[in-house]
There are 2 protein chains.
Amino acid sequence: MSLSPPSSSVPIAPFVRLFGRYLREQGLPVTQQRQAIAEVVFGSDDHLSVDDIENQLRQEGDRIGKATIYRTLDLLVRSQLVAEHDFGEGFKRYEHRLSRQPEHEHLICTECGSVIEFKSHEVRAIKDQVSNAYGFRPSRHKLEIYGHCKSCQEAGVEPSDDGLTCPIETV
Amino acid sequence: MSLSPPSSSVPIAPFVRLFGRYLREQGLPVTQQRQAIAEVVFGSDDHLSVDDIENQLRQEGDRIGKATIYRTLDLLVRSQLVAEHDFGEGFKRYEHRLSRQPEHEHLICTECGSVIEFKSHEVRAIKDQVSNAYGFRPSRHKLEIYGHCKSCQEAGVEPSDDGLTCPIETV
DNA sequence: CTCTGTGCAAACACTTTGCATCTCA
DNA sequence: TGAGATGCAAAGTGTTTGCACAGAG
């Protein structure tokens, strides 16, 4: 769906090195494959699927097995340099957390799959307030808004509604 | 994980009939299986997995194939009488939308899987405001806060953190 | 009586795992 | 050199689909 060209303009080497440091801290080898995968992830500001990553690697001449990609993504997520998302497409997407808003929410187009990031400090307030009310200790949260992006609307996509004809109250 | 006893105190027959009406509107047969499945879903205020539903049916003496359960849940979701959730457990959960806050958010315990529902009108404000800013036409949203519930905290569960030792800024 | 649902099992898509081999440290 | 990674293919998930038979309208 998204072929995501190498779209980053900031140098990514330092980020890859940061991952290398994490690996060394954990006593794990810094392999070529792990670096190549990290380069792809840090080199794109998109929300990449495993297939996106595999394709990008292939384009660059690297042939790395899916298993290795999954295993490396697991390490990247553990290191907290990368965040994992599930937008309900049946597979996961990955997004690096460097040089961008560390905490942000998503607008997701259910037509074309594009994702817009936005920041809202109100969310943090809600999170604290509600957690407090229930004695809950929050760690992470997600706010996702699904709908149609501007271009899909302009392309004539209509919101579909298919429920009961006499709707129940949907305050 | 959750064996969810028949916990509802409101009569569920009217809700099942509402589903029957939807089916008839769509020209689809109102079968025993569909009614039995609807009864289970409307009869519980929990967030049920397909296995939960299958087990509950089995306890009541009904033997309905998983395929039928999936197909019926699809109809229930389409009718908008039931909402589908993915709390990142690797499978979906289903929750009926009758006799409860039609729009609400979730606190999810990552330890025991329990779910607390809460309502926040600020979310709607954020949704409208942000959508407006991006020319986005929103349909649905989700706000989920993950963490540890009160009882798991009291049971001594500690939040774990395993990232880089020198963390990046996490404003 | 016809159209659709049902149940089973096979198919599916994404992800994980086992194992022989190779690589970093 | 040895712990650990890699790649392939096989196994595992939850979910969907194909098809012969059964049931609702």
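Reminder, nothing fancy here: chain letters follow the sequence lines and each chain counts from 1.
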Could you tell me the separation between the CD atom of A:E54 and the P atom of D:dG7, rounded to a whole number of Å?
11 Å

Aromatic centroids of B:Y94 and B:H47 separated by under 6.0 Å:
no

Measure CG/A:D52 against P/C:dT15 and give the value in whole Å, please.
12 Å

Taken to the nearest whole Å, CD/A:Q35 to P/D:dA5 is 14 Å

Expressed in angstrom and rounded to an integer, what is the separation of A:I69 atom CD1 from D:dA5 atom P?
16 Å

If you assign B:G65 and A:Q33 each to the DNA chain C nucleotide with the nearest heavy atom, which residue ends up on the more 5' nucleotide?
B:G65

Using a distance-only test with no angle check, is there a side-chain donor-acceptor pair under 3.5 angstrom linking A:E105 and A:H141?
yes

Rounded to whole Å, please give me the gap between CG in A:D86 and P in C:dA13.
18 Å

Could you write nucleotides 14-25 of chain D as a row of B, S and -, 5' to 3', where a protein heavy atom under 4.0 Å of any base atom gives B, of only sugar-phosphate atoms gives S, and otherwise -?
SBBBB-----SS

Evaluate ring pair (Phe, Tyr, Trp, His ring centres under 6.0 Å) for A:F87 paired with A:H106, printing each intermediate quantity in order.
CA-CA 10 Å; A:F87 293 145; A:H106 294 109; 5.3 Å; yes

Take atom CG of A:L23 and atom P of C:dA25, then tell me their distance rounded to the nearest Å.
9 Å

How about B:H104 and B:E95: does a side-chain donor come under 3.5 Å of a side-chain acceptor?
yes

In whole angstrom, what separates B:I37's CD1 from C:dG7's P?
8 Å

Would you say CD of B:E117 has more than 12 non-hydrogen atoms from neighbouring residues, nucleotides or ligands within 6.0 angstrom?
yes

So for atom CD, which belongs to A:E84, do other residues, nucleotides or ligands contribute more than 12 heavy atoms lying within a distance under 6.0 Å?
yes

Between A:R63 and D:dG7, is there a contact of a side-chain N or O with OP1 or OP2 at under 4.0 Å?
no

How bent is the helix from C:dC1-D:dG25 to C:dA25-D:dT1, measuring the angle between the end axes built from five pairs each, rounded to 10°?
30°

ILVMFWY network linking A:F19 to A:L28, side-chain heavy atoms under 4.5 angstrom
yes

Rounded off to whole Å, could you give me the CD-to-P distance for the A:E84 and C:dT15 pair?
8 Å

Flag yes if A:L18 and A:I37 sit in one hydrophobic cluster, no otherwise; membership is Ile, Leu, Val, Met, Phe, Trp, Tyr, and two members link when side-chain heavy atoms are under 4.5 Å apart.
yes

Are A:V115 and B:I126 connected, step by step, through hydrophobic side chains (Ile, Leu, Val, Met, Phe, Trp, Tyr) whose heavy atoms are closer than 4.5 Å?
no

